Amino acid sequence: MHCCGDFPFFFFFFFFLLYFYQVLTMAAASEEPDADGSVLFGQLQGTVVGLRYYTGVVNQGEMVGLVREPQNPYDRNAVMVANIYGNQVGHIKRELAAAMAYVMDNKLAKVEGVVHYGTKNKFNMPVMLSFWGKEENKNTVVESMLRRGYKLNTGGIKSAGTYILSLVSALLYSYVLDIVTKEAFLCFQLKNAFDNLFEGLMESKDGEKEASVATPLLLHQKQALSWMCSRENKCTLPPFWEKRGDLYYNTLTHFSAREVPERVRGGILADDMGLGKTLTTIALILTNFHNGKPLPVEMSVSVNNMKQCKCGEYTNQNTSSQNNEQNSNSNLCNLCPYDAESTVLLEDLDFAAALSGSTSDAGFKKKKTNKIWARVDKYLKTDLLHLLIPCLNDCLLLLSSVNLQDQFEQHVHANVKLNVYLYYGSERNRSKKFLSSQDVVITTYNVLSADFENKSPLHGIHWLRVVLDEGHTIRNPNAQMSKAVLQLKAQRRWILSGTPIQNSVKDLWTLLAFLRLKPFDVREWWNRVIQRPAMQGDRAGLQNLQTLVKCITLRRTKTSEVNGRPLVSLPEKMVCVEQVELNQQEREEYELARNEGRSTIGRYVAEGTVLRNYADVLAILMRLRQHCCHPDLLAKISSDLGAAATPAELRERLVEKLRLVLASGSDEECSVCLDSVCLPVITHCAHVYCRPCIAKVISTQQGTARCPLCRSDIKETELVEVPLEEMEDESSTHAKKWRTSSKVQALMGNLLRLQSEDRSIKCLVVSQFTRFLSILETPLREHGFSFVRLDGTMSQKKRAQVIQDFQSSAANSPSIMLLSLKAGGVGLNLTAASHVFLMDPAWNPATEEQCIDRCHRLGQKRKVVVTKFIVKDSVEENMVRIQRKKQDLVEKAFGSANTDKKTSRIDDIKALLEL
DNA sequence: ACCGCCGGGTGCC
DNA sequence: ACCGCCGGGTGCC
């Protein structure tokens, strides 16, 4: 890695110092920045009083929470002390509370408490308080506490010798810290940690399961299904809990409680893309889809024969005896004795029942079925069987933009009547009663989030199961979407995600909070116990994080093996590049544009102003790329570089540039948040950022704000966004007489050849330019191809329709899909197509890969052929070269620093024009 | 709480 | 004694 490799010596020393610090000062003041950039200001022994008034108890070494109580009628400075379950233990002594209240209320520091001894005291007990906050507030906090007579112990007890040593090391430490940035340090530490995080998740989990999906499950999917079932049903303790005597003890926080800790009924299915997470989940839904009706015959008989529960209701077979909301709410079946073992067995019955619908693996099935039925016989005579029927059958699925409904239709047996409702579109049925009567409700994160604003029916329903497809969507806990998701009420919760951690450990919190993994669903405990230690590179912290993830996550990659065999064997994929030669006229036009652009960019490079004129550079490249595809793609306004006459003109020009930058796909990342740009705005110096990100930069730099990329002055009022009427007026392309281009002809030649070979072949035709797709429609129509089109501008409903049409195997179904490169989420399933034509190279090779994966994935029966059209002797050829370099870069870099990006971008531009 | 603090009872040695 | 001292009641914030 670039940033780390340059300073081996410093790193060595750095780690030595870090180690030194940790050993020497232990829990005492280390200056390590924590997750939020907080540092430990110091510690202080305090007193918790009033123990006898409260029921909350703590164990030796237990962490406690400190909560301000400004409304306390006796003292508005009151600070409450509570254990992890939020049970009050006592209060902080009055005078100390007064000092702390000032610090806490002004957010100068966060205070954390640990009780090391005196936990058996009757009236009060000592508590070790740690003050954490931003470096710049340290002095204020220390002084303010000192003023009230409380001295923060900042260094622990040191002898003179170690004091000097640590002083020296502190100096060096800050020196090193200046050189290698925080990111560099973290990337070094975390890279390995992340690599290991999911290690050990691949081991084969116990057993496999059959299911009543029409599509036979693959071995690894059966394993996943079995794992999911056991996660929902087995009564194993959550991670870090132990039974000690008659108490349940949390080994990390040292908290203990008499009641069984609430289990996580669900988890994270983090299999790689294309391993069939969705199919497995559908199978899971079907395993306990009974609702009285669709039970297979044999089972129905058994059901009729068996006794009902005394209370006259069938209850969910999967509800565990403890702390189940259903039970505690309605007291339905408290009388029925059942334990962990029988729950599992009963749940096996489901599978036995469901098996009769399935067709695969006859020998295996038979054996297993017999075994299960032996158990059925054993259990038939007991009162337990009523548990087979779930009371709740609602299941909510959330997803980004995926054709999930098709997958239900495709995979679910025709004899299983499953009510699936798509909850989106303006006409959606918002009746709670109606939604509750569905078996499955599918919606999108956006709809959920929009509903959340004003009494959402989805939030009023108690779901049996909530599944988050592409669950990493909620990784930002501050997003409305995430908040909306966290508020959903459900018994069982699942997250499907190929990439549960994208940037940092932080990404995990919302996921754990969604799963209600106590106590880490409360931010403070997550930060204290997991995130901060892990970010600091603390071994135990990382170990804990790994254990935690391991317990609730199943992850396999495409290269994983079960019993020595690869998990999936996808049909072969062939990628070939087809060179396209421009005809003479096209070549002349291209050369003209290229020479012009080359001299312009050459000037920028010589002046060192490439970044300042970034938009122009991109515009030039864009024009060249458009030349390669079709002459009519070129924007009608040739943006001359002269000064804008009026503000309106300047604005129009900026909008145009922003469009170009966005369309070019080269700058999808905002340099501030390093994430893909949301709410894109362009500065007057023509650099693109997320509006919130750049607004923050401007507001923090009060009046002197400079563009993070080129250091030009920027103002909030000068940010320009693309007006809503985004789409180009189609008339301009239609008005002119349609003409062909070399690339169009290359494509048509291929399509016609394929059609003559095999009429059933379906193709994806992919371009970054939606206008190019429009141009392609004309020759497709002329040759009588039946095609559909999918681009980003289409509504959710329309997309679903288009995908369904295209995936259909009916004889008159469309054989070609015109697909805009960026349209559709990662989960999009277009397996009906076996040929992919990439009309123009993308800057980001991953985008192309993703696009290919939409059809080269599970369910693909044919060999996949990918054809990339590249114009010979053009900017496109150079782009391919840069792509390769980029891929290497991405693989090596981990959170690559901004500076690297800048230089590599300039290098890219130079390479493109062979400068 | 085997403390501190409060306030009433009390008052030479 | 407008004090000190004693001993009982009492006790988080």
Side-chain angles (χ1 to χ4, degrees), chain A residues 27-28 38 40-134 137-154 157 247-250 252-259 518-519 521-529:
Chain A
S38 302
L40 181 56
F41 295 163
Q43 293 182 310
L44 170 70
Q45 177 92 260
T47 314
V48 187
V49 294
L51 301 185
R52 64 164 149 162
Y53 299 99
Y54 308 100
T55 53
V57 287
V58 292
N59 296 307
Q60 199 160 100
E62 184 166 334
M63 298 179 169
V64 290
L66 302 164
V67 186
R68 276 281 290 118
E69 261 186 354
Q71 301 302 325
N72 188 302
Y74 303 96
D75 181 1
R76 56 186 180 81
N77 290 323
V79 176
M80 185 188 105
V81 179
N83 68 22
I84 294 225
Y85 271 15
N87 298 327
Q88 182 161 8
V89 176
H91 279 104
I92 291 292
K93 215 168 141 55
R94 202 181 200 106
E95 303 79 15
L96 176 55
M100 283 166 62
Y102 174 78
V103 168
M104 291 168 84
D105 292 349
N106 292 297
K107 305 225 182 313
L108 296 170
K110 268 183 281 186
V111 191
E112 299 179 352
V114 178
V115 181
H116 291 293
Y117 58 95
T119 53
K120 299 277 187 295
N121 292 3
K122 269 192 201 146
F123 304 102
N124 49 42
M125 65 186 172
V127 58
M128 186 52 85
L129 303 170
S130 311
F131 290 68
W132 297 81
K134 293 210 175 72
N137 292 328
K138 181 169 175 173
N139 284 339
T140 322
V141 170
V142 170
E143 277 163 27
S144 121
M145 292 304 290
L146 200 58
R147 253 200 315 277
R148 291 167 196 261
Y150 294 100
K151 186 163 170 9
L152 282 190
N153 186 352
T154 50
I157 305 121
L247 290 178
Y248 295 91
Y249 184 81
N250 186 301
L252 288 187
T253 64
H254 302 286
F255 172 76
S256 65
R258 202 161 290 279
E259 323 81 59
K518 307 257 154 55
D521 54 337
V522 173
R523 243 333 225 295
E524 180 181 353
W525 305 118
W526 162 255
N527 283 339
R528 283 178 69 172
V529 181

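A note on names: the letters A, B, ... follow the listed sequences, proteins ahead of strands, and every chain is numbered from 1. Computed from a predicted model, the values in this text were never measured in an experiment.
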Peer 1: Return the set of residues passing ring pair (Phe, Tyr, Trp, His ring centres under 6.0 Å) with A:Tyr248 (not counting sequence neighbours), or none when no residue passes.
Peer 2: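 Result, ring pair (Phe, Tyr, Trp, His ring centres under 6.0 Å) vs A:Tyr248: none returned.
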Peer 1: Measure NE2/A:His91 against C1'/C:dC13 and give the value in whole Å, please.
Peer 2: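 Checked: the NE2 to C1' distance equals 4 Å.
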Peer 1: Can you tell me if the side-chain N/O atoms of A:Arg52 get under 4.0 Å from OP1 or OP2 in C:dC12?
Peer 2: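 Checking A:Arg52 against C:dC12: at least one side-chain N or O falls below 4.0 Å of OP1 or OP2.
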Peer 1: Roughly how many Å is it from CG in A:Asn77 to P in C:dC13, rounded to a whole number?
Peer 2: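 Computing the A:Asn77:CG to C:dC13:P distance gives 12 Å.
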Peer 1: Take atom C1' in C:dC6 and the same atom in C:dA1, then report the distance between them in whole Å.
Peer 2: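 Those two atoms are separated by 15 Å.
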Peer 1: Between C:dC13 atom C1' and A:Asn72 atom CG, what is the distance in whole Å?
Peer 2: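 It is 5 Å, rounded to the nearest whole Å.
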Peer 1: My understanding is that only one of A:Thr154, A:Leu108, A:Asn137 makes a side chain to side chain contact (heavy atoms under 4.5 Å, CB included) with A:Phe41; could you say which?
Peer 2: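 Of the listed options, the one satisfying the test is A:Asn137.
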Peer 1: Under 5.5 Å between ring centres and under 30° between planes: true for A:Phe123 and the base of C:dG11?
Peer 2: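 No, the aromatic ring of A:Phe123 does not stack with the base.
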Peer 1: Would you mind classifying the nucleic acid contact of A:Lys122 as base, sugar-phosphate or nothing, using non-hydrogen atoms under 4.0 angstrom?
Peer 2: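 No contact at all - A:Lys122 keeps every heavy atom at 4.0 Å or more from the nucleic acid.
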Peer 1: How close or far is atom P of B:dC3 from atom CE of A:Met125, stated in whole angstroms?
Peer 2: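 Rounded to whole Å, this separation is 22 Å.
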Peer 1: Rounding to the closest angstrom, what is the interatomic distance between B:dC2 and C:dC13 at atom C1'?
Peer 2: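 After rounding to an integer number of Å, I get 26 Å for this pair.
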Peer 1: Using atom CG of A:Asn124 as one end and atom C1' of C:dC13 as the other, report the distance to the nearest whole Å.
Peer 2: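 In whole Å, C:dC13 C1' lies 13 Å from A:Asn124 CG.
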Peer 1: Measure OH/A:Tyr54 against C1'/C:dC13 and give the value in whole Å, please.
Peer 2: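 Atom-to-atom, A:Tyr54 to C:dC13, this comes out as 6 Å.
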Peer 1: Over all strands shown, is A:Leu51 touching base, sugar-phosphate only, or nothing at heavy-atom distances under 4.0 angstrom?
Peer 2: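 Nothing, no heavy atom under 4.0 Å.
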Peer 1: Grab the NZ-P distance between A:Lys120 and B:dA1 for me, whole Å please.
Peer 2: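 Taking NZ of A:Lys120 and P of B:dA1, I get 16 Å after rounding.
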Peer 1: Considering only heavy atoms from C-beta outward, does the side chain of A:Val89 approach that of A:Val57 to under 4.5 Å?
Peer 2: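 They are not in contact (no side-chain heavy atoms under 4.5 Å apart), so the answer is no.
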Peer 1: Are any of the side-chain nitrogens in A:Glu143 or A:Arg147 under 4.0 Å away from the carboxylate oxygens of its partner?
Peer 2: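 So A:Glu143 does not pair with A:Arg147 through a salt bridge.
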Peer 1: Round to a whole Å and report the spacing from NZ of A:Lys93 to P of C:dC13.
Peer 2: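 In whole Å, C:dC13 P lies 6 Å from A:Lys93 NZ.
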Peer 1: Taking all non-hydrogen atoms of both residues into account, name the closest pair between A:Pro126 and A:Val115 and its distance.
Peer 2: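 Heavy atoms of A:Pro126 and A:Val115 come nearest at O-CG1, 3.6 Å.
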Peer 1: Kindly say whether, by distance alone, the side chain of A:Tyr53 makes a donor-acceptor pair under 3.5 Å with the base of C:dC13?
Peer 2: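 Absent.
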Peer 1: Partner of B:dC3 by Watson-Crick or G-U wobble geometry, both contacts under 3.5 Å, or none?
Peer 2: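 Pairing partner, where one exists within any strand: C:dG11.
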